[in-house]
Amino acid sequence: MVWQIPENGLTVPLTDPAVVLEGHSKRVGIITWHPTARNVLLSAGCDNIIMIWNVGTGEAMITLDDMHNDMIYSACWNRNGSLFCTGSKDKKLRVIDPRKMEIVAEKDKAHEGARPMRAIFLADGNVFTTGFSRMSERQLALWNPKSMDEPIALHEMDTSNGVLLPFYDPDTSIIYLCGKGDSSIRYFEITDESPYVHYLNTFSSKEPQRGMGYMPKRGLDVNKCEIARFFKLQERKCEPIIMTVPRKSDLFQDDLYPDTAGPDAPIEAEDWIEGKNADPILISLKQGYVPSKSRELNVVKKNILGSKPATHKKDEPVSSHKKPAEVSHPHSDGKVDDFMKELRSMKDTIRTQGERISKLEGIISSLTANEESEG
């Protein structure tokens, strides 16, 4: 399900998703948005199938059902969204071109241990993985998809059994490793010089982490030289962890904040499926991030009575895919969207007030009945 969060956050609970995407036969464990194409979403399920959706029409554009024979542990797009990499229970690292429906690079036993591995694309096109050795030591490795025989770098960390979750900042080439069950975050810099993966430091705390979330770069406070913010899930709370670089000057620090990927998509889902690629649109954080207006998702269902284009299968070339119906954009009917949004908000408020009135009436009637019985 895809949900549209109102502009100023939730005031009442959301009950209706913007769109429901149906296609997997088992639980979906991974979802990741395309980095540069609007409304393109990748999902991977416990049915070992990867599906790529056009959320704007609510339809699957691509189904990859014969590439993974075992559970998919992770999936990550490259910088322009032309490829993605996966880590799987069969210990294989795969680099996949979804539009050609082919595996362009593969490494068997990227990590020989049986515990789960994770794989992410870096900005330069290399792939970073975390996993376990045959002796159950935690490992991290760097791979070049054009030559997967040997890793560029392979480091052994420790013998803890928590899966290492990598979080990557392409602007500073820093990778943060958060282990499930650990109470620390280790971070490394990726460079072109040996040993390629350079240990920087460790952040330690008392409470172990059950999971970790990562704030996008544009959500950071540039006035405080904040370079990363995590949301640490603990047993009873979610705690923010803020990492800053100490600087005496109050001026904007250009070296900490090069232009970063913004939220606006350079291409549409229809462009991408036809074969077009685009790099992210970069924005400056010098004045802080100001969200753009009119970013509401419009879902336009196709006429189900008409001829419905088949989902891509392996033996069907991408070029034969019919172009989906155009998705209407907020700028063409902005006033209608605004009125509809206001109407929904008013309906929600009326419903909430109605529930409150009913509750108060119930309390008053019970109090009145008590007074009468006492009288």
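From a predicted model like this one, the values you see are computed outputs, not experimental measurements.
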*Q209 side chain vs G179 backbone, donor-acceptor pair below 3.5 Å*: yes
*When you look at CG of D192, are more than 12 heavy atoms from neighbouring residues, nucleotides or ligands closer to it than 6.0 Å?*
no
Donor-acceptor pairs under 3.5 Å, side chain of residues 11-24 to any protein atom, not counting sequence neighbours: which ones?
residue	atom	partner	partner atom	Å
H24	ND1	D47	OD1	3.3
H24	ND1	D47	OD2	3.2
H24	NE2	S43	OG	2.8

*Under 4.5 Å between side-chain heavy atoms, hopping through other hydrophobics if needed: is there a path connecting V95 to I30?*
no
*Among the clusters formed by ILVMFWY side chains lying less than 4.5 Å apart, do L200 and M157 turn up in the same one?*
no
*State, with a plain yes or no, whether a side-chain heavy atom of L256 is found less than 4.5 Å away from one of T172.*
no
_Candidate pair H68 and I96, rule side chain to side chain contact (heavy atoms under 4.5 Å, CB included), full reasoning_ = CA-CA 11 Å; H68 297 85; I96 295 169; 3.7 Å; yes
*Could you check if a side-chain atom of N126 sits within less than 4.5 angstrom of a side-chain atom of I152, using non-hydrogen atoms only?*
yes
*Side-chain donor or acceptor of S74 paired with backbone N/O of A119 under 3.5 Å*: yes
*asked:* Do I62 and L42 land in one hydrophobic cluster if side-chain heavy atoms of ILVMFWY residues count as linked below 4.5 Å?
replied: yes
_Minimum heavy-atom distance between K276 and R99, given as atom pair plus value_ = O-NH1, 3.1 Å
_Using only atom types and a distance under 3.5 Å, with no angle test, would you say the side chain of R115 pairs donor to acceptor with the backbone of N161?_
yes
*Going by atom types alone, do S82 and N80 pair a side-chain donor with an acceptor below 3.5 Å?*
yes
*asked:* Hydrophobic clustering (ILVMFWY, side-chain heavy atoms < 4.5 Å, transitive) - are L122 and I174 grouped together?
replied: no
_If we ignore hydrogens and angles and just use 3.5 Å, is the side chain of H34 paired with the main-chain N or O of A265 as donor and acceptor?_
no
*Indicate yes or no: at least one non-hydrogen side-chain atom of W272 is less than 4.5 angstrom from one of I52.*
yes
_Checking side-chain polar atoms at under 3.5 Å, does D90 have a donor or acceptor matched by the opposite partner on S88?_
yes
*Look at the side chain of T260 and the backbone N and O of K217, then say whether any donor-acceptor pair between them is shorter than 3.5 Å.*
no
*Do the non-hydrogen side-chain atoms of I185 and M212 ever get within less than 4.5 Å of each other?*
yes
_What I'd like to find out is whether the side chain of T36 reaches to under 4.5 Å of the side chain of W77, using heavy atoms alone._
no
*asked:* Quick one, E274 with E270, criterion side chain to side chain contact (heavy atoms under 4.5 Å, CB included). Give me CA distance, side-chain angles, the key distance, then yes/no.
replied: CA-CA 6 Å; E274 293 293 331; E270 295 83 359; 5.5 Å; no
*Walk me through it: do F167 and F230 pass the test ring pair (Phe, Tyr, Trp, His ring centres under 6.0 Å)?*
CA-CA 10 Å; F167 295 92; F230 293 92; 5.7 Å; yes
*asked:* Do V222 and M215 land in one hydrophobic cluster if side-chain heavy atoms of ILVMFWY residues count as linked below 4.5 Å?
replied: no
*State whether the side chain of Y199 and the backbone N or O of R186 hold a donor-acceptor pair below 3.5 Å, judged by distance alone.*
no
*Within a strict 4.5 Å, meaning less than it, do heavy atoms of the M243 and Y176 side chains meet?*
yes
*Got a donor-acceptor contact below 3.5 angstrom from the K91 side chain to the E112 backbone?*
yes
_Is there a side-chain contact between D259 and S284 in this structure, where contact means two heavy atoms from C-beta onward sitting under 4.5 Å apart?_
yes
*Looking only at atom types and distance, does a side-chain atom of Q287 sit under 3.5 Å from a main-chain N or O of L285, one as donor and one as acceptor?*
no
*asked:* Any heavy-atom pair between the side chains of V2 and W53 that's under 4.5 Å?
replied: no
*State whether a side-chain donor-acceptor pair under 3.5 Å links T129 with K107.*
no
*F128 CZ to L177 CG distance, which is reported to the nearest 0.5 Å*: 5.0 Å
_Euclidean distance, S205 OG relative to K232 NZ, rounded to 0.5 Å_ = 2.5 Å
